[in-house]
2 protein chains.
Amino acid sequence: MTDTPQPKRKHIPQATIKRLATYVQVLESLARDNVSVISSNPLAEACGVQGSQIRKDLAYFGEFGIRGVGYQVNHLISSITSSLGVDHEWPMVLVGVGNLGKAMINHIGFHAHGFHIKAIFDCDPFKIGDKVHGLEVFPTQEIKPIVEKLGVEIAVITTPPERAQRAASYLAEGGIKGILNFAPARIKVPDHVHVEYVDFFRHMYNLIFNLTQDPKEAKPERDAMDIKKHLFDSDPGQIRD
Amino acid sequence: MTDTPQPKRKHIPQATIKRLATYVQVLESLARDNVSVISSNPLAEACGVQGSQIRKDLAYFGEFGIRGVGYQVNHLISSITSSLGVDHEWPMVLVGVGNLGKAMINHIGFHAHGFHIKAIFDCDPFKIGDKVHGLEVFPTQEIKPIVEKLGVEIAVITTPPERAQRAASYLAEGGIKGILNFAPARIKVPDHVHVEYVDFFRHMYNLIFNLTQDPKEAKPERDAMDIKKHLFDSDPGQIRD
DNA sequence: CACTACTTGAGAAAAGAATCACAAGGATAC
DNA sequence: GTATCCTTGTGATTCTTTTCTCAAGTAGTG
């Protein structure tokens, strides 16, 4: 009926979405290197997954490849980004103008991918009125009216853990639908608000656990030449997370 | 035989390790509130998982609870952190002294949890010699000798994507065993080096996908009072990543 | 135009992870 | 000391996700 590749809308695993973000990252790198077509296996190797995994992930959204050929890099990028809804601008607000908050406000890649921070908030009276990257810092009490006025749906929390819940509550009251939470604290929000936790410690714990508990990888020794030899043919590691 | 709770060393899922980090986060918050004992179900609710999930996760490492009572908060924290190997200091180095790098260097929670950045590197000649939080910026060429001299095993990469691979190669040559990579790029390292990717975009993509594709949650309208009512009894969301 | 070489897409099978259900163990009250 | 109550730890079950396998489809070659 339709000329678009009919999407098989059943339940799509969260893991698939996560991997799609990585595929885009690698595909964009390929595009910069002027690679125009790639098949699933080499792409999979660059992403640290199986080829069949990529094909299955993409199949949730439609048919983007050409049998016998592979995938057109640019077409695949736009197919994935539009499938996910990240092919256009998303205005955002940020709460917590500390070191990390400022880093996010100035993050060029973030802005380049359409994530535009439109307003920033902090509860520290000494910061109110400061300008960061051209944006004025507003008090957290004004989150609700400003979010409502701007009609923003996504927010970033970069406060200390003890202030994350208050920020989240203000944001929810203002009608925010999604929160990217960098604060090392769990927050409670209404059911319709989706929270993504960016937890450095989780990654660090994982790193250290794998370091200390993987005696299977404890190779005796390895000199610089040996490392260089392995540098470009080793497994870049599973995506998961 | 031993008086320590015998660990059942079989394969431990990565997902379990990730959750343990969250358990510690919530337990530390409980400890601050002077909660001394907690049973699996209330802890599970605060973490956004099932009680049986917590019990199973802990069972991989031993028996830390008291039947009929629950878990001692402080004891459980130290049991988990020592099981994971995060109960002592970990010296680290950092490559890429930009906005994000500086934020990590100044991150108090990071330092408080034993992750101590001992040396920092950048390839920008104008940054070499600068002091950040008391640390002098060294050129990336010196990564190998300095890492070897310090005997550091863990590194953080906060460079732009195009410089992440070079940083990773230098680090691997210096004998680094684990890398926390904030750069939005996949890196290739020898098999024995473990890489953890901290990918904001992955979280953003997930957030937006859930926003746009979850029409099941599209409640008609909801005023502020309604939101407040739900604020403290709603599901804080699954841990997953 | 038939034939070969490749690659996708998808059903089937395998592996893995979360949940359930309950026996075992410990604390407390009487 | 005995009975009752409560919560853990774990085997069994269910559910989810990944991997395997191969038919279907496309481009290029002689």
Side-chain angles (χ1 to χ4, degrees), chain A residues 4-20 22-23 27 35-45 47-73 75-76 79-80 83 206 235 237-241, chain B residues 4-20 22-23 27 35-45 47-73 75-76 79-80 83 206 235 237-241:
Chain A
T4 50
Q6 75 291 1
K8 322 255 148 59
R9 272 275 165 272
K10 39 179 275 184
H11 176 251
I12 297 170
Q14 295 273 312
T16 290
I17 309 299
K18 300 273 173 66
R19 280 191 296 269
L20 289 173
T22 302
Y23 302 161
L27 287 165
V35 176
S36 61
V37 174
I38 191 161
S39 56
S40 57
N41 278 325
L43 175 60
E45 217 229 299
C47 295
V49 296
Q50 296 289 107
S52 56
Q53 180 81 82
I54 289 188
R55 297 199 296 275
K56 182 135 295 217
D57 284 341
L58 295 176
Y60 285 112
F61 296 94
E63 302 188 6
F64 305 121
I66 305 161
R67 295 178 189 216
V69 179
Y71 301 91
Q72 262 198 283
V73 173
H75 178 244
L76 188 53
S79 296
I80 295 175
S83 293
N206 213 25
D235 175 26
Q238 289 297 92
I239 288 191
R240 301 180 192 273
D241 102 282
Chain B
T4 51
Q6 74 291 0
K8 323 256 148 61
R9 272 276 165 274
K10 40 180 275 184
H11 176 251
I12 298 170
Q14 295 274 313
T16 289
I17 309 299
K18 300 275 172 61
R19 281 191 296 268
L20 289 172
T22 303
Y23 302 161
L27 286 165
V35 177
S36 62
V37 175
I38 191 161
S39 55
S40 58
N41 277 326
L43 176 59
E45 217 229 298
C47 295
V49 297
Q50 295 289 106
S52 56
Q53 179 81 82
I54 289 189
R55 297 199 296 275
K56 181 140 294 213
D57 285 340
L58 295 176
Y60 284 112
F61 297 93
E63 302 190 6
F64 305 123
I66 305 161
R67 296 182 189 213
V69 180
Y71 302 91
Q72 260 198 285
V73 172
H75 178 244
L76 189 52
S79 297
I80 295 175
S83 294
N206 213 26
D235 177 26
Q238 288 299 90
I239 286 192
R240 299 178 195 274
D241 262 283

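Here is how names work: the chains are called A, B, and so on, in the same order as the sequence lines, proteins then strands, and each is numbered from 1. The analysis underlying the following values was restricted to heavy atoms, covering all of them including side chains, and did not include hydrogens, waters or symmetry mates.
- Under 4.0 angstrom from either OP1 or OP2 of D:dT17 there lies no side-chain N or O belonging to A:R19.
- Atom CG in A:L76 sits roughly 13 Å away from atom C1' in C:dT8 (whole-Å rounding).
- Nearest to the side-chain atoms of B:R67 among the listed nucleotides D:dT17, C:dA27, C:dA23 stands C:dA23.
- Across all strands, B:S40 comes closer than 4.0 Å only to sugar-phosphate atoms, never to a base (heavy-atom distances).
- Contact annotation: A:Y71 side-chain N/O to C:dG9 OP1/OP2 distance is under 4.0 Å.
- Between B:I66 atom CD1 and D:dC5 atom C1' there is a gap of 16 Å when expressed in whole angstrom units.
- Contact annotation for A:S39: backbone-only contact, meaning every heavy-atom pair under 4.0 Å involves sugar-phosphate atoms and none involves a base.
- Atom-to-atom distance recorded for A:Y60:OH and A:H11:NE2 is 8.5 Å, nearest 0.5 angstrom.
- One can place CG of B:N41 at 16 Å from C1' of D:dC5, the figure rounded to the nearest angstrom.
- Rounded to an integer number of Å, the gap from A:K18 NZ to D:dT17 C1' is 14 Å.
- Looking only at side-chain heavy atoms (C-beta outward), A:S79 and A:F61 stay at 4.5 Å or farther from each other.
- At the phosphate of D:dT19, neither OP1 nor OP2 sits under 4.0 Å from any side-chain N or O atom of A:Q50.
- D:dT16 atom P lies 8 Å from atom NE2 of A:H11, rounded to whole Å.
- For B:Y60 and D:dT10, the shortest distance from a side-chain N or O to OP1 or OP2 is not below 4.0 Å.
- Look at A:Q53 and you'll find a side-chain N or O under 4.0 angstrom from OP1 or OP2 of D:dT19.
- Between atom CD1 of residue A:I17 and atom CG of residue A:D57 there is a gap of 8.5 Å, rounded to the nearest 0.5 Å.
- In this structure, B:Q72 places its CD atom 15 Å from C1' of D:dT7, rounding to the nearest Å.
- The listed nucleotides are D:dT17, D:dT10, C:dA10; the one nearest the side chain of B:E63 is D:dT10.
- In the set D:dG9, C:dT8, D:dT17, C:dT8 carries the atom at the smallest distance from any side-chain atom of A:R55.
- With contacts defined as side-chain heavy-atom distances shorter than 4.5 Å, the pair B:L76/B:Q72 does not qualify.
- Where A:G68 and A:S52 meet DNA chain D, the nucleotide closest to each residue was compared, and A:S52 sits on the side nearer the 5' end.
- As rounded to whole Å, 11 Å separates atom P of D:dT19 from atom CD1 of A:I54.
- Rounded to the nearest 0.5 Å, atoms OG (A:S39) and OH (A:Y71) are 9.0 Å apart.
- Distance, B:L58 CG to D:dT10 P: 11 Å, rounded to whole Å.
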